[in-house]
Amino acid sequence: MLFDIDGTLVDSNYLHVHAWSRAFAEVGIPVEAWRIHRSICMDGSTLVAALADDADENSRERVKDLHSRYYKEMTPELRRLPGARELLEVVHQLELQIVLATSAPEDELSILREVLDSDHLVSSVTSSADVETAKPQPDIVEVALDRAGVPAAHAVFVGDAVWDVVAAQRAGVETVALLSGGTSQAELENAGAARVFENPLELCQHLDDTPIAALANIMRAR
């Protein structure tokens, strides 16, 4: 089981939007907040390049640095999404490996893991240090598969953004998506998500009717 964290297990997406919005404004690059939200789940360099393609390299680096600073100022506001820990506990009980497949920088990742407070259930973790190109490219998903030691056919990815679904599909991994990141059900389904649920709690309540339960059955039959 591969899990994104931001917007999937921890309610962080809108803090990122606010931090990016402040950062762009301070550098003097006008970017509407809705455009930032549409790019959340991309790695920082890709997001800045997509939203400020005319900016010089120094300005882009300053935006990224400011985002990191402003986001860290708001980290006391981070909360686990409803059912996040319960979902991980149930998946662990199904004897499926749990990999946190994120491209968050190490400093942000350590904060997210502290908020999630579930390291005892996790077998492996990825971060931005593991890849040069993050979502929507499949690299981070492929690294997570390698660390779990399983083929794509024996994995399911849980994410909250179109970029999560696209990256998993490119890696050949089926995806269950959540609305908790702020992306619509139609968009997630159109991107290729097998099922869409409101948040981790709803997914946990309906786990038997998902590719996750099917995967557990396959693993038990081996």
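Here, residue 1 is the first one in the sequence, and each next residue gets the next number. Side chains included, hydrogens not; waters and symmetry mates left out as well; all remaining heavy atoms used.
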Hey, could you give me the NE2/OG distance between H16 and S68, rounded to the nearest 0.5 Å?
9.5 Å
Looking at V165 and A193, what are the two nearest heavy atoms and their distance?
CG1-N, 3.5 Å
Applying side-chain contact (heavy atoms from CB on, under 4.5 Å) to N13 and D6, what does each step give before you reach the verdict?
CA-CA 6 Å; N13 281 10; D6 278 305; 3.8 Å; yes
Do V173 and L188 share a hydrophobic cluster, counting only Ile, Leu, Val, Met, Phe, Trp and Tyr and linking them when any side-chain heavy atoms are less than 4.5 Å apart?
no
Which pair of non-hydrogen atoms, one from E106 and one from A129, has the smallest distance, and what is that distance?
OE2-CB, 4.3 Å
Can you tell me if Q97 uses its side chain to pair, donor with acceptor, with the backbone of A148 under 3.5 Å?
yes
Please give me the minimum heavy-atom distance between A144 and A101, naming the atom from each residue.
CB-CB, 3.8 Å
With sequence neighbours excluded, give me every side chain to side chain donor-acceptor pair (under 3.5 Å) pair touching residues 176-203.
R38-E187, S184-E187, Q185-E189, R195-D209
Worked verdict on R147 versus D130 for side-chain contact (heavy atoms from CB on, under 4.5 Å):
CA-CA 11 Å; R147 294 201 174 155; D130 294 313; 2.6 Å; yes
Of all heavy-atom pairs between G28 and P30, which one has the smallest distance, and what is that distance?
O-CD, 3.6 Å
Quick check against the 3.5 Å criterion: does S110 have a side-chain atom that pairs as donor or acceptor with the backbone of D107?
yes
Can you get from V158 to L81 by hopping between Ile, Leu, Val, Met, Phe, Trp and Tyr side chains that sit under 4.5 Å apart?
no
Can you tell me how far CZ of R60 sits from CG of N58, rounded to the nearest 0.5 angstrom?
11.5 Å
Other hydrophobic cluster members with L51, side-chain heavy atoms of Ile/Leu/Val/Met/Phe/Trp/Tyr under 4.5 Å, chained?
V17, W20, F24, V27, I29, V31, I36, I40, M42, L47, V48, V63, L66, Y70, W163
Using atom types as modelled and distance alone, determine if a side-chain donor or acceptor of R80 lies under 3.5 Å from a backbone N or O of V115.
yes
Please name the residue in the list L116, V122, L87 that meets the side chain to side chain contact (heavy atoms under 4.5 Å, CB included) test with F3.
L87
Just how far is it from atom CZ of R35 to atom OG of S21, taken to the nearest 0.5 Å?
13.0 Å
Taking CD in E73 as the centre, count heavy atoms belonging to other residues, nucleotides or ligands within less than 6.0 Å. Is the count above 12?
yes
Starting from I98, can I reach V176 by hopping between I/L/V/M/F/W/Y residues whose side chains sit under 4.5 Å apart?
yes
Tell me whether the centres of the aromatic rings in Y71 and H18 are closer together than 6.0 Å.
no
Could you tell me the separation between the CG atom of D119 and the CZ atom of R113, rounded to the nearest 0.5 Å?
4.0 Å
Would you say the side chain of M74 lies within less than 4.5 Å of the side chain of R22, judging by non-hydrogen atoms?
no
Would you mind reporting whether L201 and E86 have side-chain heavy atoms less than 4.5 Å apart?
no
Please report the C-alpha distance between D164 and T175 in whole Å, then the side-chain angles of each, then the deciding distance to 0.1 Å, and finally whether the side-chain contact (heavy atoms from CB on, under 4.5 Å) criterion is met.
CA-CA 8 Å; D164 291 325; T175 308; 5.5 Å; no
Please say yes or no: joined through hydrophobic side-chain contacts below 4.5 Å, possibly via intermediate residues, are L145 and V99 part of one cluster?
yes
Quick one: pull up CG in D160 and CG in L178 and give me the separation to the nearest 0.5 Å.
7.0 Å
L112 and side chain to side chain contact (heavy atoms under 4.5 Å, CB included): which single residue from T75, V10, L100, V125 fits?
V10
Do F197 and L179 belong to the same hydrophobic cluster, where Ile, Leu, Val, Met, Phe, Trp and Tyr are linked whenever their side-chain heavy atoms lie under 4.5 Å apart, directly or via other members?
no
Between P105 and S128, what is the shortest heavy-atom contact and its length?
CA-OG, 3.2 Å
Pair listing, ring-ring contact (aromatic ring centres under 6.0 Å, His included) test, anchored in residues 76-117, at least two apart:
none
Quick check against the 3.5 Å criterion: does R79 have a side-chain atom that pairs as donor or acceptor with the backbone of P76?
yes
Stepwise side-chain contact (heavy atoms from CB on, under 4.5 Å) test for V156 and L96:
CA-CA 10 Å; V156 176; L96 296 173; over 6 Å; no
Heavy-atom closest pair, residues A171 and A152
O-CB, 3.3 Å
Could you tell me whether the side chain of H37 and the main chain of G181 form a donor-acceptor pair under 3.5 Å?
yes
For D4, does its backbone N or O pair with a side-chain atom of T102 as donor and acceptor, under 3.5 Å?
no
Enter the distance from E114:CD to L78:CG here, rounded to the nearest 0.5 Å.
10.0 Å
With heavy-atom distances below 4.5 Å as the criterion, would you say the side chains of R170 and E142 are in contact?
no
